Amino acid sequence: MATERTFSILKPDATRRNLTGTINAVFEENGLRIVAQKRIHMSRAQAETFYGVHRERGFFNDLVGFMTSGPVVVQVLEGEDAVAKHREIMGATNPANAAEGTIRKMFAESIEANSVHGSDSAENAATEIAYFFAGTDIVG
Ligand code: GDP
């Protein structure tokens with residue numbers, strides 16, 4: 001295992017319920033370090049590009065509508081095996097299937113409003129980080 005970085009989003013359902021600090025504490029307790037973070041309101045174009053891989057899926061418009069419905073917190077997390085670790089802490093996409101103790105089990109409202117996004121590979125993490133952050137924004 002090596003130290004790596006992943007990209008994370010605290011979604012609008014999380015910011016609406018003021019859960020930014022609560023969820024960040026779960027990351028930090030699990031050895032992930034927040035090395036960059038900013039609160040933004042995504043534009044429709046930004047969300048459509050970010051989720052472009054899902055463009056053909058039936059839920060695409062709903063997902064873009066949800067992700068632009070309120071502020072989000074975009075983050076870069078760093079740690080040992082950060083991509084897999086973050087996915088493990090998040091839990092399954094559908095909170096009904098998420099394991100006990102995972103963020104989605106504890107906080108998600110639905111399969112769509114599931115509180116957090118996390119990159120699914122180191123390669124996608126690098127692309128997603130570069131979409132929202134300049135190298136100089138990240139302080140390890
Ligand atoms: P993730 O990697 O666990 O976030 O899951 P995916 O990459 O498959 O999906 C991206 C996001 O689309 C999820 O986190 C959900 O917010 C949303 N999503 C996934 N499946 C569905 C679905 O069946 N219906 C709706 N409305 N949203 C979904």
Side-chain angles (χ1 to χ4, degrees):
M1 286 195 298
T3 299
E4 62 182 11
R5 288 176 176 171
T6 193
F7 177 72
S8 173
I9 306 178
L10 307 183
K11 295 186 180 185
D13 67 286
T15 60
R16 176 170 46 77
R17 288 175 290 155
N18 217 18
L19 291 171
T20 298
T22 303
I23 295 174
N24 278 347
V26 178
F27 294 149
E28 293 184 338
E29 281 159 13
N30 282 277
L32 293 171
R33 186 175 296 274
I34 302 161
V35 294
Q37 173 169 260
K38 62 185 171 187
R39 182 172 165 108
I40 62 169
H41 197 136
M42 268 196 225
S43 68
R44 189 162 187 91
Q46 252 179 329
E48 283 177 353
T49 301
F50 182 76
Y51 279 115
V53 66
H54 294 309
R55 198 172 285 275
E56 305 306 322
R57 310 278 287 273
F59 59 80
F60 180 72
N61 273 326
D62 286 345
L63 176 59
V64 169
F66 167 62
M67 291 301 289
T68 57
S69 68
V72 300
V73 177
V74 291
Q75 325 177 285
V76 182
L77 306 181
E78 185 177 270
E80 284 285 303
D81 219 8
V83 173
K85 165 69 64 98
H86 185 235
R87 297 283 299 182
E88 185 189 322
I89 298 167
M90 284 198 314
T93 309
N94 186 345
N97 303 327
E100 284 301 328
T102 60
I103 289 168
R104 284 167 167 172
K105 179 71 173 184
M106 293 191 284
F107 304 116
E109 296 181 317
S110 67
I111 190 170
E112 178 178 272
N114 59 5
S115 306
V116 275
H117 164 86
S119 307
D120 61 5
S121 68
E123 188 188 0
N124 285 341
T127 305
E128 293 176 357
I129 288 168
Y131 190 56
F132 289 101
F133 292 98
T136 49
D137 294 332
I138 305 168
V139 182

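Numbering of residues begins at 1 and proceeds along the displayed sequence. Just so we're clear, the structure is a prediction, and the values are computed from it rather than from any experiment.
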Just so I know, are the side chains of [X] and [Y] near enough to count as touching, which here means a heavy-atom distance under 4.5 Å?
X	Y	value
Phe60	Glu48	yes
Val76	Gln37	no
Lys11	Phe66	yes
Met90	Ser8	no
Met106	Thr22	no
Val53	Asn124	no
His117	Phe50	yes
Thr49	Tyr131	yes

Given 3.5 Å as the limit, does a donor-acceptor pair link the side chain of [X] with the main chain of [Y], or not?
X	Y	value
Lys85	Glu80	no
Thr68	Gly65	yes
Arg33	Gly140	no
Arg104	Val116	yes
Asn114	Thr93	yes

Val73 pairs by side-chain contact (heavy atoms from CB on, under 4.5 Å) with which of Leu19, Thr20, Ile23? Thr20
Criterion side-chain contact (heavy atoms from CB on, under 4.5 Å) against Ile9, the qualifying member of Glu128, Met42, Gln75: Met42
Minimum-distance pair of heavy atoms, taken over all atoms of Gly70 and Pro12: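 Gly70 and Pro12 have their closest heavy atoms at O-CG, 3.8 Å.
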Given the ring of Phe132, does Lys38 sit roughly above its face, with NZ or CZ under 6.0 Å from the centre of the six-membered ring and within 45° of the axis? no
